[in-house]
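These notes are about the structure you will find just below.
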Amino acid sequence: MAPPLFRAVPTFRQRSGGRYLTDSSLVASPQNTFNLTRPRVYGALDLGTNNCRLLIARAEKHDFMVVDAFSRIVRLGEGLAASHRLSDAAIDRALAALSVCAEKLRKRNVFLARSVATEACRRALNGRNFVQRVYKETGLLLEIISAEQEAQLAVLGCHMLLTEKDVPSLIFDIGGGSTELILTMSDHNGPKVLDWVSVPWGVVSLTESLGYRGNSLADRKQAYQAMKEQVKKLFLSFSDRLKKQRLTPRSLLGTSGTVATLGSIYLELPRYDRRMVDGLIAPTAALRQISKQLSLMSIKERAKITCIGEDRADLIVAGCAILDAIVEIWPINAVHIADRGIREGILRDLIARYGYCSRPFNRERFL
């Protein structure tokens, strides 16, 4: 059964006239600096287990135009598997990145923004305390979304890259702390979720649990196989459920740093280029071969690959193992690759709900 549609909520406050404006007072103040004759500017912030990402976009009638973006690896979930808490160092890294995001939202005169946090904050015992500290220090109102909402946003953000319509397609989002599998079907009315699952294994959690077992070639092979089998067991349960419903995916679409990185290596790019990777359709066999090659390298060897770098060198293999498990269960010849997801889903939802262009308001609605 498809999960319910998520509720869009404002999660950024813009200082005006000595007070903060939220959804209920956004245009009530005469000192508000928003121009009511121009297309609205929206913001979408995704704080994941590994990354902090922001998109700011100007709304258009049928799409949006990105006017600013920010991405930084913060490793918020580092050590979470063992301690069940967000560490002080991880919190400091996240706060530094979120402060940059808040400043960008202010400078761009954003009409409305939504900021979400995912698996790390869902699992951490001090997740809500962290959210309160973020609000106090940056003005950002982080919303800890459920796995259902995360899956819906990912589908909304990337489903348009699927080339086949009216057939079941499996969208997978390999995150830092979890992986979502969503079986969807798209038509002229947009995507419909047929079934979905979220498993508590992502590149950070899987690496910390099973990724390091010595430095020899045999150790690396063993670690890769262990990670693959760990997630495959959970994916097989989902596969069995789909079979009982007589649902079979006909295409695959991956939205994550892992598949984007593998796509860039497949293209032999000298450095990562989103324009070349987003929308790429890559042979599954080639992605599996690249994954296995990476799994046999040392961290230092992987770090020398410019599309990976030092920040991702220790985590990419876990993502490869997750991808390998998926395509082994669903042996489809090609994988659609998306460098888009939750942030784009947030933007599309906000624009659909609040409009693309500023227009006269019923001011009583905001008072």
Donor-acceptor under 3.5 Å ([X] side chain, [Y] main chain):
X: Arg123; Y: Leu80; result: no
X: Glu208; Y: Gly79; result: yes
X: Asn51; Y: Arg53; result: no
X: Thr306; Y: Pro270; result: yes
X: Thr49; Y: Gly177; result: yes
X: Thr284; Y: Ile332; result: yes

Minimum heavy-atom distance between [X] and [Y], given as atom pair plus value:
X: Arg343; Y: Asp46; result: CG-CB, 3.8 Å
X: Leu162; Y: Ser251; result: CD2-OG, 3.8 Å
X: Ala334; Y: Leu252; result: O-CB, 4.1 Å
X: Ala226; Y: Leu210; result: O-CD1, 3.8 Å
X: Ser291; Y: Leu323; result: OG-CD2, 4.2 Å
X: Leu76; Y: Cys121; result: CD2-SG, 4.0 Å

**Study point:** Carboxylate-amine/guanidinium proximity below 4.0 Å for Lys300 and Glu310
**Key:** no

Exercise for review: Before accepting this row, confirm whether a basic side-chain N of the pair Asp240/Lys244 lies closer than 4.0 Å to the acidic partner's carboxylate O.
Suggested key: no

Review point. Side chain to side chain donor-acceptor pair (under 3.5 Å) with Arg108: which residues, sequence neighbours excluded?
Key: Asp68

Non-hydrogen side-chain atoms of [X] and [Y] separated by less than 4.5 Å:
X: Leu141; Y: Val131; answer: no
X: Glu119; Y: Val204; answer: no
X: Phe64; Y: Tyr42; answer: no
X: Leu181; Y: Trp196; answer: no
X: Phe235; Y: Thr179; answer: yes

Point to revise | Same apolar cluster (I L V M F W Y, side chains within < 4.5 Å links), Ile91/Ile73 | key: no

Review point. Going by the angle between their ring planes, with limits at 30° and 60°, are Trp330 and Phe238 parallel, tilted or perpendicular?
Key: perpendicular

Whether over 12 other heavy atoms sit under 6.0 Å from [X] [atom1]:
X: Asp63; atom1: CG; result: yes
X: Arg72; atom1: CZ; result: yes
X: Asp166; atom1: CG; result: yes
X: Arg128; atom1: CZ; result: no

Hey, could you give me the [atom1]/[atom2] distance between [X] and [Y], rounded to the nearest 0.5 Å?
X: Leu194; Y: Leu242; atom1: CG; atom2: CG; answer: 9.0 Å
X: Asp173; Y: Glu150; atom1: CG; atom2: CD; answer: 6.0 Å
X: Leu315; Y: Arg302; atom1: CG; atom2: CZ; answer: 9.0 Å
X: Ile56; Y: Lys107; atom1: CD1; atom2: NZ; answer: 10.5 Å
X: Glu103; Y: Phe70; atom1: CD; atom2: CZ; answer: 12.0 Å

Review point. Linking Ile, Leu, Val, Met, Phe, Trp and Tyr through side-chain heavy atoms less than 4.5 Å apart, which residues share a cluster with Leu217?
Key: Leu296

Point to revise | With sequence neighbours excluded, residues passing salt bridge (charged side-chain N to carboxylate O under 4.0 Å, His left out) with Asp314 | key: Arg75

Point to revise | Partner set under salt bridge (charged side-chain N to carboxylate O under 4.0 Å, His left out) for Arg133, not counting sequence neighbours | key: Asp92, Glu137

Review point. Cut-off 3.5 Å, side chains only: do Gln152 and Glu148 have a donor facing an acceptor?
Key: no

Exercise for review: Can you sort out the partners of Asp278 under side-chain contact (heavy atoms from CB on, under 4.5 Å), two or more places apart, ordered by chain and number?
Suggested key: Leu161, Arg274, Ala338, Asp339, Arg340

**Study point:** Residue pairs involving residues 198-207 (criterion side chain to side chain donor-acceptor pair (under 3.5 Å); sequence neighbours excluded)
**Key:** Glu180-Ser198

